[in-house]
There are 2 protein chains.
Amino acid sequence: MSLYLRCLGELESAGRETVSSKELAGKFSISSALVRRDLGLFGAFGKAGVGYEVKSLKDALMSKLGLKRAWKVAIVGAGRLGLALARHKGLTQSKFKIVAIFDKAPERTIAKRDSGFEVLHVADLPRTVKERGVELGIIAVPGANAQEAADTIVRAGIRGILNFAPTHIDVPHGVFVHHVDFTIYLENLAYYVNEASHQKGHSVDRGGRD
Amino acid sequence: MSLYLRCLGELESAGRETVSSKELAGKFSISSALVRRDLGLFGAFGKAGVGYEVKSLKDALMSKLGLKRAWKVAIVGAGRLGLALARHKGLTQSKFKIVAIFDKAPERTIAKRDSGFEVLHVADLPRTVKERGVELGIIAVPGANAQEAADTIVRAGIRGILNFAPTHIDVPHGVFVHHVDFTIYLENLAYYVNEASHQKGHSVDRGGRD
DNA sequence: AAATGTGAAACATTTCACAGCT
DNA sequence: AGCTGTGAAATGTTTCACATTT
């Protein structure tokens with residue numbers, strides 16, 4: 001639930017000192033009780049009658065989520081998507097630092113005529129991962145090469161993978177994968193839009209509570 | 001649960017005629033009973049002693065999910081990400097057809113020197129959406145412009161949005177949004193990797209059942 | 001007065017276990 | 001024999017409601 005974190009960041013830069021469970025609950029359409037329980041899992045910080053101190057709560061969450069430090073990330077696949085991710089504001093402004101980009105054919109990627117990214121050959125991956133201390137990997141290769149890419153980075157010692165290829169990848173026990181599948185997201189949207197147009201007046205968001 | 005659909009597609013192209021709930025369950029590490037219940041929601045198709053006929057089950061799912069026809073999609077934002085999505089194999093090979101790409105400054109996008117995508121000005125969006133019958137929208141603009149982009153496409157009549165900007169967007173009731181936030185995905189991975197390295201031998205995947 | 005933290009209730013999801021079909 | 005479909009149990013999640021703290 002790092003959504004809370006995002007929210008706290010916004011509140012902090014808006015200059016807020018404290019926030020109540022009720023207010024946080026409102027932003028996600030959940031009950032205030034659930035917010036209190038969730039935050040309780042991180043070792044309770046609220047003051048009765050006042051709420052939670054934004055700054056220290058954010059701090060506690062970041063500790064718990066392992067975000068007090070930067071994480072080094074490598075991208076495999078320097079095609080359009082890989083390069084787009086490398087320069088995506090959401091990432092460049094986060095705790096996640098892209099420290100290397102690999103491709104099977106670095107000399108043929110658009111990185112050359114693009115903004116001068118240094119794209120390394122996958123053959124250099126194991127060594128580079130070790131040298132630069134890479135901890136997470138992003139797979140942005142075509143589906144047909146995804147498993148191969150996964151095998152390579154797992155062998156290099158990476159234990160967290162964000163997979164953008166439209167294919168399921170198998171990894172050994174102890175390695176974590178999050179699969180980002182655009183098509184599935186669109187299918188879900190299509191489903192809801194479809195339903196909504198059939199049954200008029202139907203609602204997915206049950207409206208506010210509390 | 002369009003994950004089943006993906007699975008059935010694979011089975012079909014592998015030439016399989018039937019599949020049991022047990023086999024499907026294995027692919028997702030859930031119980032076979034749950035698979036049967038899920039599929040039951042779509043109006044039961046299995047034959048006792050045999051299993052489900054792959055082809056007709058896939059067909060039924062596609063009907064239910066509104067995927068018997070193609071869906072027309074527009075992308076707002078012709079930056080690196082927008083164009084990468086437009087050409088992404090996962091999408092181009094799906095039921096979702098990108099029929100227009102918009103940008104505030106189409107003449108400055110890399111589309112010109114790129115593969116000759118026709119990028120339209122956002123001013124043309126309302127008209128084009130109507131003319132081409134666009135039903136879903138993808139937002140691939142910087143965070144600062146995301147809300148503005150959302151307002152524009154909602155006003156044009158689109159009711160399903162896939163948001164790639166690292167910002168929450170507000171939409172009226174009846175419009176569906178799926179937010180794709182790379183940073184949150186990485187934060188989750190970081191959390192798991194962090195946990196796993198602390199408590200040795202910890203497992204997230206409880207292992208196979210059935 | 002306004003909020004937290006939490007036991008107990010309500011609700012939702014998942015699995016067990018088995019009758020019944022092919 | 002092998003599988004489905006489903007009541008009933010088990011488990012997990014969310015909310016209610018209230019005693020307690022500032």
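Letters A, B, ... mirror the listed sequences (proteins, then strands); counts begin at 1.
- As rounded to whole Å, 9 Å separates atom C1' of C:dA3 from atom OH of A:Tyr52.
- Mapping A:Val50 and A:Asp38 onto DNA chain D by nearest heavy atom places A:Asp38 at the nucleotide closer to the 5' end.
- To the nearest angstrom, P of C:dT4 lies 11 Å from CG of A:Leu57.
- Using bins of under 30°, 30° to 60° and over 60° for the plane-to-plane angle, the ring pair A:Phe182/A:Phe164 lands in the tilted bin.
- Considering only side-chain N and O atoms, A:Ser31 lies nowhere under 4.0 angstrom from the phosphate OP1 or OP2 of D:dT14.
- Paired with A:Glu135 under the rule salt bridge (Lys or Arg N to Asp or Glu O under 4.0 Å), one option of A:Lys72, A:Arg69, A:Lys97, A:Arg159 passes, and it is A:Arg69.
- The NZ atom of B:Lys22 sits 12 Å away from the P atom of C:dC16 (whole-angstrom rounding).
- One atom, NZ of A:Lys47, and another, P of D:dT22, lie 9 Å apart when rounded to the nearest Å.
- When heavy atoms are screened at a 4.0 angstrom cut-off, A:Gly40 is found touching no nucleic acid atom at all.
- Remark: C1' of C:dA3 and CG of A:Leu24 are 13 Å apart, rounded to the nearest angstrom.
- Comparing C:dA3, C:dT6, D:dC3 by their closest approach to the side chain of A:Ala33 singles out C:dT6.
- Residues B:Gly82 and B:Ile75 approach most closely at O-CD1, 3.6 Å, considering heavy atoms.
- Of the candidates C:dT4, D:dC3, D:dT15, C:dT4 carries the atom nearest the A:Ser21 side chain, counting heavy atoms from C-beta on.
- Residue B:Arg36 places its side chain closer to D:dG5 than to any other of D:dG5, D:dT15, C:dC16.
- With respect to B:Arg16, the side chain to side chain donor-acceptor pair (under 3.5 Å) criterion is satisfied by exactly one of B:Glu10, B:Glu23, B:Glu53: B:Glu23.
- Judged by distance alone with a 3.5 Å cut-off, a donor-acceptor contact links the side chain of A:Arg37 to the base of D:dT15.
- Among the nucleotides D:dA17, C:dA3, C:dT15, the one closest to the side chain of B:Ile30 is C:dT15.
- Straight-line distance from the CG atom of B:Leu39 to the P atom of D:dT6: 12 Å, rounded to whole Å.
- Atom CD1 of B:Ile138 sits about 12.5 Å away from atom CZ of B:Phe102, to the nearest 0.5 Å.
- Distance CG (A:Leu34) to P (C:dA12): 15 Å, rounded to an integer number of Å.
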